[in-house]
Participant: 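Attaching a single structure in structure tokens format; questions to follow.
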Amino acid sequence: MRPARALIDLQALRHNYRLARELSGAKALAVIKADAYGHGAVRCALALEADADGFAVACIEEALELRAAGIKAPVLLLEGFFEASELALIAEHDLWCVVHSLWQLQAIEQTPVHTPLKVWLKLDTGMHRAGLSPAEYADGYQRLLASGKVARIVLMSHFARADELGVATTGQQLAVFQAARQGLAAECSLSNSPAVLGWPHVKSDWARPGIMLYGATPFEVPQAEAARLQPVMTLQSRLISVRELGVGEPVGYGGHYTTPHASRVGVVAMGYADGYPRQAPTGTPVIVNGQRTQIIGRVSMDMLCVDLTQVPDAVVGSPVELWGKHVLASDVAIQAGTIPYQIFCNLKRVPREYVGE
Ligand SMILES: *Cc1c(COP(=O)(O)O)cnc(C)c1O
């Protein structure tokens, strides 16, 4: 059997969820959209079910997968519905629904529903992606109430730059939110992971942590609270071959990397078809046989090469950690010019194994 695996530590997932609740001092919807950022939505939801105040996913297809697996907890649809015909299913499965656009509000007004909806009304406080404008917001709230189809409204917004700890925009977005919610008696939801970790004065009734649940930092710089996270996924494989090369020998496609001295080179069963980023350059850290070394040459579809010159004990079959508790996915992401979110979501082909049930 090919040794490439993603090990998912559910104990670490629960630790991170509890940390999110502790730091936010609020209820927390565990964001498990996009198959729990590649970690497996159903397994993660089952592991968190006893603790979690609820879950958040992108769309009804993701929510119905959770309901089909027997998850009874609240599930919020972060993009709401895409067409009015989904409203019947939303009511039937007791899903919570974001309204981020006036056309959705109008659809609710015009569509009969059997059970009153639970709506999270989104305000655009400056990200300019989704949400009603501040000028539309109070009227939108009143229209939802007047529709008679809504049992409960939560006021929400989303930060564009909470992962940048110095910038003023997060405070500005907060001020826009507080002004727009004046006089509206409802619960609020603001914080994503970077806000939970890095903006402790942002308080609301519901946090929406995503990436931090999986133990990855949303920041590009070290941060004290992020250091308390436990990585959930270990992407691992084994050496499938080891060779000795003299100086000046090319390794891999393109031959751009050449050995700077006589080298031992290992081949790992892991490539971009598994989700390891092809953009990861020579020098990206990797753990072989418990020792830190680096990948060399271009990442191929099914294999990549590592420098074993300083890892003399490594042999065919030695274990390799591509990311996990010793090499952080966020460090690989920075090397590859991307973010841990994308690193996790790109995971494919490798079987997932769960520990810490
Ligand atoms: C994805 C998402 C989150 C979670 O963001 P993280 O940065 O992963 O914590 C929170 N809120 C909304 C609206 C989202 O789309």
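Remember, it's 1-based here, ligands and their atoms both numbered in the order they're listed.
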Participant: Could you tell me whether F55 and W96 have their ring centroids closer than 6.0 angstrom?
Facilitator: no
Participant: Looking only at protein heavy atoms, which one is nearest to atom 9 (O) of ligand 1, and what is the separation?
Facilitator: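 It is S193 OG, 2.5 Å.
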Participant: Quick one: does P218 get within less than 4.0 Å of ligand 1, heavy atoms only?
Facilitator: no
Participant: Who's the nearest protein heavy-atom neighbour of atom 7 (O) of ligand 1, and how far?
Facilitator: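 Result for atom 7 (O) of ligand 1: Y341 OH, 2.7 Å.
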Participant: Nearest 0.5 Å, what's the CZ-CG distance between R352 and L347?
Facilitator: 7.0 Å
Participant: Considering only the protein, which heavy-atom contact is closest to atom 10 (C) of ligand 1, and what is its distance?
Facilitator: R208 O, 3.4 Å
Participant: How about CZ on R349, more than 12 heavy atoms from neighbouring residues, nucleotides or ligands closer than 6.0 Å, or not?
Facilitator: yes
Participant: Answer yes when K33 and E79 have at least one side-chain N-carboxylate O distance shorter than 4.0 Å, and no when they do not.
Facilitator: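 No, this pair does not count.
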Participant: Under a 4.0 angstrom heavy-atom cut-off, which atoms of ligand 1 come close to I211?
Facilitator: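 Contacts of ligand 1 toward I211, numbered from 1: 6 (P), 8 (O), 9 (O).
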Participant: If we ignore angles and hydrogens, is there a donor and acceptor under 3.5 Å between the side chains of R208 and H158?
Facilitator: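 Judged by distance alone, the side chains do pair up.
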Participant: Below the 3.5 angstrom mark, is there an N/O of G210, backbone or side chain, next to an N/O of ligand 1?
Facilitator: yes
Participant: I need the atoms of ligand 1 closer than 4.0 Å to a non-hydrogen atom of P194, numbered in the order shown.
Facilitator: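 Counting from 1, the qualifying ligand atoms are 7 (O).
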Participant: Using the six-membered ring wherever Trp is involved, compare the ring planes of F344 and W323 and label them parallel, tilted or perpendicular (cut-offs 30° and 60°).
Facilitator: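 Because their plane-to-plane angle is over 60°, the rings of F344 and W323 count as perpendicular.
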Participant: Counting heavy atoms only, name the option from K33, M156, H100 that's nearest to atom 14 (C) of ligand 1.
Facilitator: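 Heavy atom nearest to atom 14 (C) of ligand 1 belongs to K33.
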Participant: For H326, does the NE2 atom have more than 12 heavy-atom neighbours from other residues, nucleotides or ligands under 6.0 Å away?
Facilitator: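 No, NE2 of H326 has 12 or fewer neighbouring heavy atoms, counting only those of other groups under 6.0 Å.
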Participant: Heavy atom under 4.0 Å from ligand 1: found in H158's side chain, backbone, both, or neither?
Facilitator: side chain
Participant: Give the atoms of ligand 1, by number and element, whose distance to some non-hydrogen atom of Y37 is under 4.0 Å.
Facilitator: 1 (C), 4 (C), 5 (O), 6 (P), 8 (O)
